[in-house]
Amino acid sequence: MEFTELHNPNFEDRSRPVNGIIIHSMSEYINGMFANDFLADIGLSAHFLVGVDGAMYKCVDPDKKAYHAGLSEWGGQKYLNSSYVGIEILVEGDNDWSDFKKKIEDPATFKAEQYSSCIKLITWLKTEFPEITNENIVRHSEVSGPAVRPNDPKPDPGVGFNMIRVREAIKTPT
Ligand SMILES: [Zn+2]
């Protein structure tokens, strides 16, 4: 896979093998900072970013633990950063939180090039890490929602992101 490599210092060794993927979305720019720079600045990170034009950025090696989903729970596991890969789908522009939340409810926000890159990336990750199951390819809102984070539920990637399209594309023929 071809990635533009970016630097993010926020990672550590994994304590569990990779067995899942969390799909996020975030603003392409926040306060004038590109998404990776913003995350790095506040002590967070994602392994991969998918740009508005579908460009793929690698910020943290997926062998390492990145900080994209602290309080989270899925399939009997908690604190999924230990074993999950984080992918951020970028939302065009420099959006404040209220604009961002509106945009991620609109299907037009997410571009065909972004779906295509996201699907390619997941397919590649599944070959790199065979313990990743389709059941463990989830949205951030599914694993860090109101039941898990009552005071700060995560809305991303948003109802505008067509997860069914992704799930259909990554199904392994049986
Ligand atoms: Zn998220």
Side-chain angles (χ1 to χ4, degrees), residues 6 8-12 14 16 18-31 33-52 54-62 64-75 77-107 109-111 114-115 117-119 121-122 125 132 135-167 170:
L6 300 177
N8 189 315
N10 303 318
F11 63 86
E12 64 186 281
R14 286 191 183 277
R16 300 197 294 247
V18 174
N19 66 3
I21 298 170
I22 298 175
I23 312 247
H24 304 257
S25 66
M26 70 180 289
S27 188
E28 184 184 15
Y29 293 94
I30 297 173
N31 300 328
M33 298 171 87
F34 186 59
N36 181 57
D37 300 318
F38 177 79
L39 291 175
D41 200 47
I42 60 169
L44 298 176
S45 54
H47 298 93
F48 298 97
L49 311 179
V50 176
V52 173
M56 286 188 269
Y57 301 91
K58 184 170 101 176
C59 308
V60 172
D61 194 298
K64 301 290 183 187
K65 171 182 173 178
Y67 309 143
H68 52 98
L71 198 50
S72 50
E73 194 172 339
W74 188 254
Q77 273 191 346
K78 289 185 180 182
Y79 298 103
L80 303 177
N81 282 341
S82 299
S83 58
Y84 278 60
V85 174
I87 301 174
E88 294 277 1
I89 312 294
L90 300 187
V91 170
E92 190 166 12
D94 194 324
N95 305 282
D96 65 21
W97 184 240
S98 135
D99 285 343
F100 169 74
K101 282 204 290 185
K102 263 181 240 153
K103 281 192 181 179
I104 62 173
E105 293 185 359
D106 181 357
T109 296
F110 299 100
K111 315 293 183 202
Q114 292 185 299
Y115 284 105
S117 293
C118 180
I119 289 159
L121 183 52
I122 292 172
L125 284 167
I132 295 174
E135 292 71 30
N136 285 356
I137 298 170
V138 293
R139 294 171 288 182
H140 195 194
S141 54
E142 291 176 274
V143 301
S144 298
V148 177
R149 305 179 67 118
N151 299 320
D152 176 29
K154 297 299 180 183
D156 64 298
V159 296
F161 185 77
N162 189 344
M163 194 64 185
I164 294 168
R165 178 169 171 177
V166 173
R167 288 196 199 288
I170 58 171

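As the structure is a prediction and not an experimental result, all values here were calculated from the model. Atoms within a ligand are numbered from 1 in the order they appear, just like the ligands themselves.
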* Restricting to pairs with a member in residues 87-96, which pass side-chain hydrogen bond (donor to acceptor under 3.5 Å, both in side chains), not counting sequence neighbours? -> Ser27-Asn95, Asn95-Lys103
* Asked: Going by the angle between their ring planes, with limits at 30° and 60°, are His24 and His68 parallel, tilted or perpendicular?
  -> perpendicular
* **Shortest-distance N/O/S atom, His24 versus the Zn ion (ligand 1)** => ND1
* **Distance-only side-chain donor-acceptor flag, Tyr67 / Glu12, under 3.5 Å** => yes
* **Note, Asn19 side chain near Tyr84 side chain (heavy atom, < 4.5 Å)** => yes
* To do: Quick one: report the N, O or S atom of Asp156 that is nearest to the Zn ion (ligand 1).
  => OD2
* **Ring center gap for Phe38 and Tyr29 short of 6.0 angstrom** => no
* Identity of the N, O or S atom of His140 lying closest to the Zn ion (ligand 1) -> ND1
* Any N/O/S of His68 under 2.8 Å from the Zn ion (ligand 1)? -> no
* **the Zn ion (ligand 1) to nearest N/O/S of Glu88 less than 2.8 Å** => no
